[in-house]
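Notes follow once the structure below has been shown.
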Amino acid sequence: MKKGFLLMLCFAYGLFSAQQGPYYQQYAKYKMDIDVDAANFTYKGNQTITYTNNSPDELKVVYFHLYWNAFRPGSMMDQRVQNQGKNGDSRLQRDGISRLASIPEGEEGAQNIRWIRQNGRDLKFEIQETIMKVVLNTPLKPNSSTTFTMEWDAVIPHQIRRAGRNNREGIDMTMTQWYPKIAEYDYDGWATFDYIGREFHAPFADFDVTIKIDKDYVIGAGGTLENPSEVKGYQANASVKSDNRNKATWRWTAKNLLDFAWAADRDYTVEEFTILDGPKVYYVYQKSERTALWEQTKPYVTKFFQLMNATFGRYVYPSYSFIQGGDGGMEYGMCTMILGEGRSLEGLVGLMVHEGGHSYNQQILAYNESVRPWMDEGFTSYYDDYVMHQLFPPAEPVANPFVGSIKSYVNFTKTGKEEPAVWLADHHDNGSAYSIASYVKGDLFLVQLGYIMGEQNLSLVMKEFYNQWKLKHPTDRDFMHIAQKISGMDLKWFHHYWINTTKTIDYAIKNIEYGPESTTITLENKGQIPMPIDFSVMTKEKKVINYHIPLNMTHTWKTKDIYGDFSTLAYWPWTQKEYRVTVPYTKSQLSAVGIDFSQRMADVNPEDNFVETDKDPKPKAK
């Protein structure tokens, strides 16, 4: 018994000390040579990868992503779409029928690995759908590097999701997630999720990419073009060089990036402008009447980067490219692929703002979105709401920039289809449930924290999180550590309720008792998520008096907020269903009383949060 106890103690200590180890992240350097057969939508590639193992673990295998293998009938992506039917991603199915099942022969995606070597020696590998498992000849020890060389050829797939040939706006090639990409390895092991349709993850890397393609093509990419004078599109006086096959050579570099993406078309126009205290921005698109709105977006994109730099943290790369391509909008390193034929200026700017916001989240704060989509999509949606509210102020005043997101969430909770945000991205059963859990609840996670701790504290949290974790791979635990440290609050309860469950917030004014010198209001918690409460009264003279009712679980109370000064009342224990507030105003002095005048709290039944005292249906004389 004693021996068993000691073994358990040693095991527990081992787990604890492992979790307390220093942070590390892997690193890779890619050197690629790509030869494109534009007429047949194929290419040949070879690459050298210098891979550095900064982990404390010896690696005996490595994994690569082969994303384009998903674009064929019978793939796991096809199976998933068929299983979900009309509940699946609308871009992958029509009327519940998988679009992948009918990809024409010859247009199926393929990444055919010819060989892979480690330090010059052939390696054994196994293709498992979109994952390639490689067994090392020589294990890679901690704090050491190795070199992989490989050769492959690829078929550019029929454009269905993000990548592919001939998108619906006529872009020849959208080359995203197009090369064998080494997977991320961290404390949780290898990030080897199959590509079913959602997002991507990778170690930070340097890229040196040479692309040979027909000289009439223009390439837009996320990176720095090293020879703009030798290719088409970037310099008015360029002298395009071509070889005996009529191909020009493009050389792109990028440092400390998650991936390298590009697109190619013969009709691209390239425009550029430099943002004061920001990046150089490139627009690469088919300039026509259908894309006339692009010119009008430039001052808005300028303001976007300036707002982001000032409010959340500085963009760290030298440039950013908006490239017409893909199937909607998708973020990559230093660039995005977007559909360019926008119907409205606000819609096109909104798309650019969202994808540009991802450059701060998915690229600079490099979450594993397969595991935590709510951080990437949700925090980016928070940026959206904040920035778009300033770029396009609403015609009618609203209480805060997030009222639309709160309304979307509240409406969806009533459908009975909500799924927890903690679920893995590709494992949501309903496409709409995924969107609400990831985009909307992730957005409102920050909105609710601003309500709980005060907007000034939230601003400090966002800036500190960015400064500490830029160009790293943070998790929600890292964010919560900073949030709790800056606010002084215990916030684990909120994280649990909001992310791990589908429980909801529902507070109400249950009763009002008017007296000769004061009024007592009974509040009720009708929901499953407890919250601190901002309670206010408005006098007949339109003066607003604010009170804050802390929640006992935070243990430290909010002291300030941008929505007005307040008096702090006794805390409300989370186990207690009702709470009474007495205010020194009579019925004749009051115009209205209510919970959360700022309308930030995501209460699923806000109708019973406010009472106009002249219309109070259930007043009780004291």
Side-chain angles (χ1 to χ4, degrees), residues 24-37 42-69 109-155 175 177-186 189-192 195 200-213 223 226-227 243 245 247 249-262 333:
Y24 67 85
Q25 63 188 50
Q26 310 294 69
Y27 210 83
K29 292 184 178 180
Y30 291 85
K31 190 174 190 318
M32 300 186 201
D33 289 291
I34 308 302
D35 194 336
V36 180
D37 182 347
T42 63
Y43 74 89
K44 295 179 180 179
N46 66 69
Q47 66 183 5
T48 299
I49 305 173
T50 303
Y51 181 70
T52 301
N53 177 21
N54 293 315
S55 82
D57 306 321
E58 181 179 87
L59 304 179
K60 297 180 181 180
V61 298
V62 296
Y63 291 87
F64 286 80
H65 296 280
L66 306 177
Y67 292 106
W68 282 4
N69 287 353
Q111 289 170 316
N112 305 307
I113 308 302
R114 298 303 183 189
W115 49 261
I116 180 169
R117 296 170 183 147
Q118 179 189 15
N119 299 329
R121 296 178 59 195
D122 286 340
L123 295 175
K124 294 180 180 179
F125 62 91
E126 177 186 353
I127 308 294
Q128 303 171 353
E129 297 279 340
T130 60
I131 298 296
M132 181 172 75
K133 179 180 180 181
V134 181
V135 180
L136 301 184
N137 288 329
T138 304
L140 184 57
K141 295 185 179 300
N143 302 311
S144 64
S145 299
T146 194
T147 300
F148 299 107
T149 51
M150 60 192 308
E151 184 177 291
W152 78 98
D153 60 68
V155 178
M175 305 292 284
Q177 307 299 341
W178 57 280
Y179 59 95
K181 184 165 71 171
I182 197 162
E184 170 67 346
Y185 181 84
D186 58 21
W190 288 100
T192 54
Y195 182 42
F200 314 102
H201 192 49
F204 284 94
D206 295 343
F207 294 87
D208 186 339
V209 183
T210 299
I211 303 169
K212 293 182 179 180
I213 192 170
E226 298 293 345
N227 61 334
D243 61 16
R245 298 177 299 162
K247 292 186 178 183
T249 299
W250 297 68
R251 182 168 175 240
W252 295 87
T253 62
K255 292 187 177 298
N256 218 17
L257 212 61
L258 289 187
D259 55 29
F260 176 80
W262 57 286

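Please read all numbers here as calculations on a predicted model, not as lab measurements.
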Charged N to carboxylate O under 4.0 angstrom, Lys247 versus Asp35?
-> yes
Taking atom types as modelled and ignoring hydrogens, do the side chains of [X] and [Y] form a donor-acceptor contact shorter than 3.5 angstrom?
X: Asp206; Y: Tyr27; answer: yes
X: Asp259; Y: Gln177; answer: yes
X: Asn119; Y: Thr146; answer: yes
X: Asn54; Y: Gln25; answer: no

4.5 Å side-chain heavy-atom contact, [X] and [Y]:
X: Trp115; Y: Arg117; answer: yes
X: Val134; Y: Val61; answer: no
X: Ile211; Y: Trp262; answer: yes
X: Trp152; Y: Asn112; answer: no
X: Asp153; Y: Arg114; answer: yes
X: Phe207; Y: Lys31; answer: no

Hey, does the side chain of [X] reach the backbone of [Y] with a donor-acceptor pair shorter than 3.5 angstrom?
X: Thr130; Y: Tyr195; result: yes
X: Asn46; Y: Ile34; result: no
X: Gln118; Y: Asn137; result: yes
X: Asn53; Y: Lys141; result: yes
X: Gln47; Y: Pro180; result: yes
X: Asn69; Y: Ala110; result: no

[X] and [Y]: which non-hydrogen atoms are nearest, and at how many Å?
X: Trp178; Y: Ala261; result: NE1-CA, 4.3 Å
X: Leu136; Y: Leu59; result: CD1-O, 3.4 Å
X: Pro142; Y: Pro56; result: CG-O, 3.4 Å
X: His201; Y: Ala191; result: CD2-CB, 3.9 Å
X: Tyr185; Y: Gln26; result: O-CG, 3.2 Å

Dump the intermediate steps for side-chain contact (heavy atoms from CB on, under 4.5 Å) on Ile127 and Ile113, then the final yes or no.
-> CA-CA 9 Å; Ile127 308 294; Ile113 308 302; 4.3 Å; yes
Can you tell me if CZ on Arg121 sees more than 12 non-hydrogen neighbours from other groups inside 6.0 Å?
->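 Not buried by this count: 12 neighbours or fewer within 6.0 Å.
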Intermediate values then yes/no, side-chain contact (heavy atoms from CB on, under 4.5 Å), Trp190 and Ile131 | CA-CA 11 Å; Trp190 288 100; Ile131 298 296; over 6 Å; no
Indicate, with yes or no, if the rings of Phe260 and Tyr179 have centres closer together than 6.0 Å.
-> no
